[in-house]
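One structure is given here, and the rest of the page talks about it.
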Amino acid sequence: MKFEICAKDNKTKARAGEITTDHGKIQTPIFMPVGTAGSVKGVNQRDLIEDVGAQIILGNTYHLYLRPGMETMNLAGGLHKFINWDRPILTDSGGYQVFSLAENRKLKDEGAHFSSHIDGSKHLFTPENIVDIQRIIGADIIMAFDECTPYPCEYNYAKKSMDLTHKWLKRGLKHFDASEPLYGHSQTFFPIVQGSVFKDLRIESAETIVSHNREGYAIGGLSVGEPEQEMYDMIEVVNEILPQDKPRYLMGVGTPVNILEGIARGIDMFDCVMPTRNGRNGMLFTSEGIINIKNVKWKNDFSPIDENGSSFVDLQFSKAYLRHLIIAKEILGAQIASLHNLSFYLWLVTESRKRIIDGSFLSWKNSMIEKLSFRL
RNA sequence: GGGGAGAUACCUAAGUGGCCAACAGGGGCAGACUGUAAAUCUGCUGGCGUACGCCUUCGUAGGUUCGAAUCCUGCUCUCCCCA
């Protein structure tokens with residue numbers, strides 16, 4: 001993997017860059033649609049490329065390991081072939097599931113014992129077998145196995161959790177460096193910064209992971225319920241330490257405003273379920289503000305979904321029609337809303353990149369934030 | 001013509017003397033959702049009031065009772081079976 005910075009904003013920490021993988025280039029800052037179980041929910045691969053303009057998508061180690069399972073993944077020749085996607089893929093390690101499925105797991109030094117949310121079967125994830133699984137999935141970028149520290153969180157727990165993530169990182173990297181990709185394209189391994197909302201822990205964590213000298217770094221354990229300002233503060237603290245010449249990935253973030261604020265603080269990569277999940281539940285993000293399409297005020301509004309939108313659905317269908325589809329629980333409603341939101345998210349980062357390059361990022365960002373804080 | 005069952009809020013439907021402004025679904029309205037156990041979850045849904053509360057409701061008109069959606073009588077309507 002290669003990372004090149006094309007332009008730096010001179011009023012903020014924002015940068016425009018380009019990541020090169022064996023599956024093609026990614027222009028940063030980038031938003032990566034989440035395709036947990038081998039699908040970006042409600043959006044097919046052709047539309048992801050041709051309409052949304054997705055340059056890279058996510059898969060999830062925990063979910064793919066349980067279903068369809070690694071035998072099928074291996075026989076398919078990896079996730080790219082399995083889902084017929086030849087652009088880059090990043091896989092999350094399952095660290096987030098250690099957090100979100102907490103009642104089903106027990107954390108030990110060796111790894112995470114857990115029972116499947118599907119059939120209750122018992123499994124053990126270790127930093128080593130998480131690498132093996134991600135080798136079989138074959139993602140271009142694979143993530144360290146971490147504990148996504150919950151919030152709120154006592155300092156002592158946050159420290160213990162961070163230390164565990166660091167120990168797991170060391171083992172994971174050792175195993176990664178001693179193993180080979182399976183399908184002829186190269187894979188890179190991103191460590192993850194933890195440390196909850198404690199500045200000294202975040203600094204310690206960032207310094208620790210940087211010492212392993214990898215091709216990119218991620219910031220985890222944010223957007224888990226802490227006030228947004230704390231998230232921004234932690235990004236600033238960590239980005240002081242993460243090297244300029246490596247991509248920085250802020251995991252699980254976020255709202256359009258979060259993304260703009262992240263870009264302004266030097267983040268290059270984002271992922272979030274928000275555009276798809278909230279879309280399925282009737283929330284639309286547009287350049288004029290946020291819409292709850294289920295609200296009765298849209299019942300007879302036959303204007304386009306988003307007249308400035310970049311997806312074909314935006315002009316093709318009316319708000320009233322989309323409202324009807326979502327309320328009637330028609331699958332098409334979820335599909336249209338997901339297409340719209342993902343297109344908006346990709347537009348947001350593409351436009352940011354343009355503005356960073358032409359020098360108008362800061363003022364544009366501020367005017368966008370004002371609009372995006374508004375409920376239509 | 002004879003016999004039987006029933007009528008509860010926007011809909012379906014529980015309740016058969018006080019704990020009933022009335023279970024539960026649906027529908028409606030609003031909210032939540034951040035490395036997806038989510039096409040999910042939460043709240044409200046007779047009127048007025050922020051609230052304690054007050055007022056009006058269980059087909060309809062009367063009655064019994066301290067007290068009725070619940071018991072009794074008349075009436076209206078609906079459905080089923082037999083002729």
Side-chain angles (χ1 to χ4, degrees), chain A residues 31-43 56-64 66-67 89-105 114-120 130 134 139 141-151 165 190-194 217-228 231 249-259 261-262 267 269-285 290 292-299 322-323 325-338 341 345 375:
Chain A
F31 177 80
M32 308 180 282
V34 179
T36 306
S39 113
V40 175
K41 292 187 193 298
V43 183
I56 171 174
I57 59 174
L58 256 69
N60 183 275
T61 303
Y62 168 89
H63 289 281
L64 293 169
L66 288 180
R67 205 163 50 187
I89 294 177
L90 179 153
T91 39
D92 183 32
S93 62
Y96 188 77
Q97 281 63 42
V98 167
F99 156 81
S100 69
L101 302 172
E103 63 272 28
N104 294 335
R105 55 79 169 159
F114 65 94
S115 44
S116 158
H117 71 279
I118 299 166
D119 64 4
I130 281 292
Q134 291 184 99
I141 300 171
I142 76 175
M143 302 305 299
F145 190 52
D146 66 335
E147 186 197 4
C148 180
T149 314
Y151 180 90
T165 291
F190 280 19
I192 303 171
V193 179
Q194 288 290 341
Y217 301 97
I219 305 173
L222 291 177
S223 66
V224 287
E226 78 284 1
E228 292 191 330
M231 170 167 76
Y249 164 28
L250 179 58
M251 304 182 78
V253 174
T255 66
V257 171
N258 292 161
I259 287 172
E261 295 290 12
I267 299 292
M269 304 162 73
F270 302 86
D271 79 283
C272 191
V273 304
M274 193 170 276
T276 43
R277 182 192 287 166
N278 289 34
R280 287 195 299 279
N281 295 326
M283 188 177 217
L284 304 182
F285 301 95
I290 294 172
N292 183 346
I293 199 67
K294 291 200 278 192
N295 287 171
V296 70
K297 64 201 283 195
W298 309 113
K299 185 173 170 54
L322 181 55
R323 175 179 193 270
L325 291 176
I326 299 253
I327 284 183
K329 297 189 185 348
E330 286 292 329
I331 295 171
L332 183 58
Q335 294 175 320
I336 291 173
S338 299
N341 280 347
Y345 268 63
R375 286 297 187 102

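Residue numbers begin at 1 in each chain, while the letters A, B, ... track the order of the sequences.
Judged by Watson-Crick or G-U wobble contacts below 3.5 Å, the nucleotide B:A68 has no partner. Summarising the base pairing, B:A37 is matched to no nucleotide, lacking a Watson-Crick or G-U wobble pair whose two defining distances lie under 3.5 Å. Using N1 to N3 plus N6-O4 or O6-N4 for Watson-Crick, or N1-O2 and O6-N3 for G-U wobble, each under 3.5 Å, B:G53 pairs with B:C48. As the counterpart of B:G1, B:C82 is assigned, both hydrogen-bonding distances of the Watson-Crick or G-U wobble pattern falling under 3.5 Å. Nucleotide B:A30: paired with B:U42 (Watson-Crick or G-U wobble, both distances less than 3.5 Å). Pair check for B:A24 finds B:U12; Watson-Crick or G-U wobble, both atom distances under 3.5 Å.
A straight line from OH of A:Tyr96 to C1' of B:U34 spans 7 Å, rounded to a whole angstrom. Between the CG atom of A:Asn278 and the C1' atom of B:A38 there is a distance of 10 Å, given to the nearest Å. The distance from atom NZ of A:Lys41 to atom P of B:C33 is 19 Å, rounded to the nearest whole Å. When rounded to the nearest whole Å, the span between CD1 of A:Ile327 and C1' of B:C29 equals 10 Å. Put simply, CZ on A:Arg280 is 10 Å from C1' on B:C33, counting in whole angstrom units. When the P atom of B:U36 is taken as reference, atom CD1 of A:Ile57 falls 13 Å away, rounded to whole Å. Atom CD in A:Glu228 sits roughly 10 Å away from atom P in B:C33 (whole-Å rounding). One interatomic measurement links the two molecules: NZ of A:Lys294 to P of B:U42, which rounds to 13 Å at whole-angstrom precision.
Nucleotides B:U57 and B:U45 have their C1' atoms positioned 16 Å apart, rounded to a whole Å. The gap from the P atom of B:G17 to that of B:U70 amounts to 11 Å, rounded to the nearest Å. With P as the reference atom, B:G25 and B:U42 are 10 Å apart, rounded to whole Å. If you take atom C1' in B:A13 and the same atom in B:U8, they sit 9 Å apart, rounded to whole Å. Distance noted for atom P between B:C71 and B:U16: 9 Å (whole Å). Rounded to a whole angstrom, the distance from the C1' atom of B:C58 to that of B:C23 is 14 Å. As rounded to the nearest Å, B:U34 and B:C52 have P atoms that lie 33 Å from one another. A distance of about 23 Å separates the C1' atoms of B:G4 and B:G15, rounded to the whole Å.
A:Asp92 and A:Tyr62 share no side-chain donor-acceptor pair at under 3.5 Å. In summary, the side chains of A:Thr165 and A:Gln194 do not present any donor paired with an acceptor at a separation below 3.5 Å, with no hydrogens or angles considered.
Closest approach to the A:Val296 side chain among B:U34, B:U40, B:A30 is made by B:A30 (side chain taken as heavy atoms from C-beta onward). Listed nucleotides: B:U34, B:U40, B:G35. Nearest to the side chain of A:Asp146: B:G35.
The shortest side-chain heavy-atom distance between A:Glu261 and A:Glu228 does not fall under the 4.5 Å cut-off. Under the 4.5 Å side-chain criterion, counting only non-hydrogen atoms from C-beta, A:Phe145 is in contact with A:Val98. Residues A:Met231 and A:Ser223 form a side-chain contact, since some pair of their non-hydrogen atoms from C-beta on lies under 4.5 Å apart.
The residue A:Arg323 sits close only to the backbone: its heavy atoms come under 4.0 Å of sugar-phosphate atoms, none of a base. Among the heavy atoms of the strands, none lies under 4.0 Å from A:Glu261. When heavy atoms are screened at a 4.0 angstrom cut-off, A:Asn281 is found touching base atoms of the nucleic acid. Contacts of A:Ile192 with the nucleic acid, taken as non-hydrogen atoms under 4.0 Å apart, include base atoms. A:Asn258 comes within contact range of at least one nucleobase, with a heavy-atom separation under 4.0 Å. A:Gly221 comes within contact range of at least one nucleobase, with a heavy-atom separation under 4.0 Å.
Taking CG of A:Leu222 as the start and OH of A:Tyr151 as the end, the distance is 11.0 Å to the nearest 0.5 Å. Atom CG of A:Leu284 is separated from atom NZ of A:Lys294 by 11.0 Å, given to the nearest 0.5 angstrom.
Remark: A:Gln97 is not in phosphate contact with B:G35, judged by side-chain N or O atoms under 4.0 Å from OP1 or OP2. Between B:A37 and A:Asn104, no contact under 4.0 Å exists linking OP1 or OP2 to a side-chain N or O. The shortest distance between the side-chain N/O atoms of A:Ser93 and the OP1/OP2 oxygens of B:G35 is not below 4.0 Å. When the side-chain nitrogen and oxygen atoms of A:Ser223 are compared with OP1 and OP2 of B:U34, none of them lie within a distance under 4.0 Å. Phosphate proximity of B:A32 to A:Arg375: present, with a side-chain N or O under 4.0 Å from OP1 or OP2.
Ring orientation note: the planes of A:His117 and A:His63 are nearly perpendicular, at an angle over 60° on the 30°/60° scale.
Judged by distance alone, with hydrogens and angles left aside, A:Thr276 brings a side-chain donor or acceptor within reach of the base of B:U36, the pair sitting under 3.5 Å.
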